[in-house]
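Report on one structure; see the data block that follows.
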Amino acid sequence: MPEHVSFLQLLGPVVLALAAVLWVMGLIRLLRGIRPERSPRRAGGSALSALPQQRQAPPEREAVELSPAERDAFAGLVRQLGNGR
């Protein structure tokens with residue numbers, strides 16, 4: 001060990017090399033999608049467990065009966081909007 005180099009100066013490159021190796025290992029693990037053993041992927045779980053489950057069937061269809069005045073008003077609105085084209 002050279003006399004003009006302190007222990008901390010020798011330890012610096014070793015710590016930086018260790019940090020670089022750990023960073024590369026973490027990056028590889030992230031890119032490959034490998035999860036640590038302490039949080040294994042559930043076999044039956046969804047990929048996005050934070051989102052609520054989606055319905056399998058569409059919602060019930062709703063219908064509203066219009067009065068004759070409402071039907072006339074709607075027909076007038078359709079005519080008015082159709083003339084603008």
Side-chain angles (χ1 to χ4, degrees):
M1 182 163 113
E3 294 179 13
H4 64 278
V5 178
S6 71
F7 176 72
L8 291 177
Q9 287 176 329
L10 289 175
L11 189 61
V14 174
V15 171
L16 288 176
L18 180 63
V21 168
L22 290 175
W23 181 79
V24 168
M25 286 175 54
L27 185 62
I28 290 171
R29 175 176 273 185
L30 178 70
L31 292 176
R32 287 188 179 177
I34 298 174
R35 298 193 182 254
E37 287 73 46
R38 63 181 172 206
S39 63
R41 182 177 285 196
R42 295 180 302 196
S46 65
L48 300 173
S49 60
L51 296 177
Q53 288 290 337
Q54 301 295 313
R55 290 189 230 206
Q56 298 302 324
E60 299 284 331
R61 191 163 194 187
E62 295 181 11
V64 177
E65 290 294 326
L66 298 177
S67 68
E70 289 172 330
R71 273 190 236 127
D72 291 340
F74 183 71
L77 180 63
V78 169
R79 280 192 300 273
Q80 181 182 4
L81 292 176
N83 291 336
R85 286 187 180 185

Seminar exercise, completed: The side-chain contact (heavy atoms from CB on, under 4.5 Å) partners of Leu16 (sequence neighbours excluded) come to none
For this session: Identify the two heavy atoms, one from Glu65 and one from Glu70, that lie closest to each other, and give their separation to 0.1 Å.
Result: O-OE1, 4.3 Å
Exercise. Listed by chain and number, what are the side-chain contact (heavy atoms from CB on, under 4.5 Å) partners of Leu8, not counting sequence neighbours?
Worked result: Ser6
Exercise. Under a single-linkage rule joining Ile, Leu, Val, Met, Phe, Trp and Tyr whose side-chain heavy atoms are separated by less than 4.5 Å, which residues share a cluster with Phe74?
Worked result: Val78
For this session: Any chance you could pull the hydrophobic cluster mates of Leu66, using side-chain heavy atoms under 4.5 angstrom and chaining through other members?
Result: none
For this session: With sequence neighbours left out, write down each residue that passes side-chain contact (heavy atoms from CB on, under 4.5 Å) with Leu27, or none if nothing qualifies.
Result: Trp23, Leu31
Problem set entry | Hydrophobic cluster partners of Val21 (side-chain heavy atoms under 4.5 Å) | Met25
